[in-house]
Amino acid sequence: QVQLVESGGGLVQAGGSLRLSCAASGSIFGINAMGWYRQAPGKQRELVATITSGGSTNYADSVNGRFTISRDNAKNTVFLQMNSLKAEDTAVYYCNVKRRIFTANLEYWGQGTQVTVSS
């Protein structure tokens, strides 16, 4: 199976920055997209940013211009650079991996890392 190890969460003041990392290991063949989602208390999980194996990126409107997603394909690691953080960014952030093997489309989730932005 695929294991996802997340790091980089924590407490930061509004306007500050954090960098999240997610490293995939195990059965990593066929990974074609990685991304970040977040879930705030009382809210549904929402897309933050995604990046394909070819480098195509997609951002939620709420973070576009402030967050940057990138990946190191050789290390199967995805990053999320979060700048100009706002209190509204407070949430548990989950790493997501999409993997295609044969005809199966598989999806994996990290355990989540807490990001708290104080105002």
Side-chain angles (χ1 to χ4, degrees):
Q1 63 179 41
V2 172
Q3 296 90 232
L4 304 178
V5 179
E6 302 176 354
S7 62
L11 175 65
V12 66
Q13 291 183 324
S17 299
L18 285 173
R19 182 177 173 87
L20 305 183
S21 299
C22 175
S25 62
S27 301
I28 58 177
F29 173 81
I31 293 176
N32 54 24
M34 303 181 76
W36 294 93
Y37 293 72
R38 67 186 182 186
Q39 187 167 22
K43 303 292 182 63
Q44 294 186 1
R45 188 173 299 185
E46 65 176 357
L47 169 73
V48 177
T50 60
I51 185 168
T52 68
S53 59
S56 179
T57 59
N58 184 55
Y59 297 92
D61 289 342
S62 60
V63 307
N64 196 23
R66 299 187 297 118
F67 292 8
T68 302
I69 189 170
S70 61
R71 67 184 297 174
D72 184 336
N73 288 333
K75 297 182 178 180
N76 290 293
T77 301
V78 64
F79 307 93
L80 185 68
Q81 179 67 45
M82 304 184 293
N83 298 326
S84 301
L85 283 162
K86 306 174 180 179
E88 304 91 90
D89 296 318
T90 295
V92 177
Y93 284 69
Y94 296 92
C95 179
N96 172 266
V97 167
K98 291 181 171 60
R99 177 173 175 242
R100 181 179 177 87
I101 51 173
F102 301 103
T103 60
N105 294 307
L106 306 177
E107 195 167 16
Y108 306 88
W109 294 93
Q111 80 285 351
T113 184
Q114 178 70 48
V115 171
T116 302
V117 184
S118 63
S119 60

Would a hydrophobic clustering, with Ile, Leu, Val, Met, Phe, Trp and Tyr connected at side-chain separations under 4.5 Å, put [X] with [Y]?
{"X": "Leu85", "Y": "Leu11", "answer": "no"}
{"X": "Val12", "Y": "Met82", "answer": "yes"}
{"X": "Tyr94", "Y": "Ile31", "answer": "no"}

Below 3.5 Å, can you tabulate the donor-acceptor pairs from side chains in residues 15-23 to any protein atom, sequence neighbours excluded?
unit_1 : atom_1 : unit_2 : atom_2 : d
Ser17  : OG     : Asn83  : OD1    : 2.8

Output the distance between atom [atom1] ([X]) and atom [atom2] ([Y]), rounded to the nearest 0.5 Å.
{"X": "Leu106", "Y": "Arg100", "atom1": "CG", "atom2": "CZ", "answer": "10.0 Å"}
{"X": "Asn96", "Y": "Met34", "atom1": "CG", "atom2": "CE", "answer": "8.5 Å"}
{"X": "Asp72", "Y": "Phe79", "atom1": "CG", "atom2": "CZ", "answer": "5.5 Å"}

Legend entry - Residues forming a side chain to side chain donor-acceptor pair (under 3.5 Å) with Thr116, sequence neighbours excluded: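 Listed in chain order: Gln114.
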Legend entry - Partner set under side chain to side chain donor-acceptor pair (under 3.5 Å) for Tyr108, not counting sequence neighbours: Arg99
Under 3.5 Å, which donor-acceptor pairs do the side chains of residues 40-49 form with other protein atoms, sequence neighbours left out?
unit_1 : atom_1 : unit_2 : atom_2 : d
Glu46  : OE2    : Arg38  : NE     : 2.8
Glu46  : OE2    : Arg38  : NH2    : 3.4

Inset, instruction - Would you confirm whether Tyr59, through its side chain, and Ile69, through its main-chain N or O, come within 3.5 Å as a donor-acceptor pair? - result: yes
Inset, instruction - Give a yes or no on whether the backbone of Ile51 and the side-chain of Thr57 come within a donor-acceptor separation of less than 3.5 Å. - result: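 No: the side chain of Thr57 does not pair with the backbone of Ile51.
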Inset, instruction - Would you check, one step at a time, whether the test side chain to side chain contact (heavy atoms under 4.5 Å, CB included) holds for Asn32 with Lys98? - result: CA-CA 6 Å; Asn32 54 24; Lys98 291 181 171 60; 3.8 Å; yes
Which pairs would a plain distance check flag for residues 1-8, meaning a side-chain donor or acceptor within less than 3.5 Å of a matching protein atom at least two apart in sequence or in another chain?
unit_1 : atom_1 : unit_2 : atom_2 : d
Gln3   : NE2    : Ser25  : OG     : 3.4
Glu6   : OE1    : Gly112 : N      : 3.1
Glu6   : OE1    : Thr113 : N      : 3.2
Glu6   : OE2    : Cys95  : N      : 2.4

Inset, instruction - Please work out which of the three classes, parallel, tilted or perpendicular, describes the rings of Phe67 and Tyr93, given edges at 30° and 60°. - result: tilted
Legend entry - Sequence-distant partners of Asn73, side chain to side chain contact (heavy atoms under 4.5 Å, CB included), two or more places apart: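 Partners of Asn73 by the side chain to side chain contact (heavy atoms under 4.5 Å, CB included) criterion, ordered by chain and then number, come out as Arg71.
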